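Atoms within each ligand, like the ligands themselves, are counted from 1 in listed order. Every value quoted in this text rests on a predicted model; they were computed, and no experiment measured them.
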Amino acid sequence: MDRHHCTCFIVPSKVLRHLAEKSEGQDRLDLLDCALQSEYLRGHRSARGMSLFANVAGEKRRTVYDCRNTRTTPPKGSLVRGEGSAPVADTAVNQAYDASGTTYDFYSKVLGRNSIDNRGMRLDSYVHYGKKFNNAFWDGAEMVYGDGDNKLFRGFTQALDVVAHELTHGVTQFSTPGGLDYIDQSGALNESFSDVFGSIVKQWSLKQGVAKADWLIGAGLMAQPTWKALRSMKAPGNKAATWPGDDQPSTMDGFVVGGDVHTNSGIPNHAFYLAAMALGGNSWDAAARIWYGALPHLHANATFVDAANATISVAAGLGKTQKAAVTKAWKSVKVLK
Ligand SMILES: [Zn+2]
């Protein structure tokens with residue numbers, strides 16, 4: 001059976017899955033691959049918001065594909081690990097599998113969310129994308145990770161916050177009516193929500209309270225020994241805390257008109273950090289609920305002020321202290337006067 005051109009559609013995928021469960025090794029993967037091929041259209045319908053076949057039971061389903069250093073467009077990579085199968089020899093594969101599982105568990109256990117689309121969407125990861133590819137991305141339906149060139153970056157699957165960041169782009173896409181346009185302030189907010197939940201998932205995984213957390217994004221990802229992380233939510237733009245290319249402003253004084261979404265995201269990132277610090281305890285309690293609760297109140301062209309008002313409104317529902325903490329945070333970064 002050619003796993004790349006499998007035409008097993010006549011057999012229901014659930015049968016293939018059943019057979020796969022009873023098989024081992026390559027046979028198991030071949031069968032699972034066929035099942036996944038049959039489910040591909042369904043998966044993509046779901047990813048595009050046409051969730052006709054939602055998995056309402058809340059079952060965790062992860063798959064990891066190997067692009068084998070090609071820039072193949074998903075879903076053409078080879079399936080190398082599926083849900084419940086044993087770790088493989090390839091570290092990147094296991095890291096993508098584990099980190100997507102931790103992210104799924106966070107959204108499920110802490111926020112009661114049924115996967116990325118809240119309808120049980122399968123978490124597809126593509127590793128070894130391209131040659132020495134220095135990035136990771138969410139393409140609207142799946143996560144894709146490069147290996148890094150080991151001069152600038154190491155492999156992108158090793159940082160849990162990066163994996164959670166990518167998956168959170170999906171959460172934002174499905175939670176905000178129309179998504180958050182990936183440009184201008186809405187784009188910076190889109191990036192910021194991903195950093196916020198990337199950091200929260202890491203803290204949750206490490207059981208770190210807000211005072212202990214490093215508030216860094218992508219710590220350990222940089223190949224240069226003196227480069228510490230991609231971004232800092234505690235100190236956006238502090239190159240000593242991050243790396244020489246860090247151009248993030250921490251307040252509206254440094255807002256870059258027409259700037260990159262990864263630049264201006266420093267402002268809402270810092271607002272979240274300040275709010276979480278003021279609320280104290282664990283970021284995955286009040287602070288996470290407030291930011292998560294704000295997503296459905298935003299829209300495609302939402303501004304920083306819209307995000308401030310939405311989070312303040314959700315915080316007000318929790319109490320006066322929470323409302324005051326969140327309001328003060330947005331004032332500190334000069335989004336509100
Ligand atoms: Zn991003």
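- By the 4.0 Å N-to-carboxylate-O rule, Lys202 lies close enough to Asp214 to be salt-bridged with it.
- Taking the six-membered ring for Trp and thresholds of 30 and 60 degrees, Tyr107 and Tyr292 have ring planes inclined between 30 and 60 degrees apart.
- Classification of the Phe133-Tyr129 ring pair by plane angle, with boundaries at 30° and 60°, yields perpendicular.
- The aromatic rings of Tyr273 and Trp215 stand perpendicular to each other, their planes meeting at an angle above 60°, with 30° marking the opposite boundary.
- Of the charged side-chain nitrogens involved, at least one lies within less than 4.0 Å of a carboxylate oxygen, so that Asp124 and Arg122 count as a salt-bridged pair.
- The Zn ion (ligand 1) has His165 NE2, His169 NE2, Glu191 OE2 as its protein N, O or S neighbours under 2.8 Å.
- Evaluation of the salt bridge (Lys or Arg N to Asp or Glu O under 4.0 Å) test over residues 178-200, restricted to residues two or more places apart or in two chains, returns Glu191-Arg231, Asp195-Arg231.
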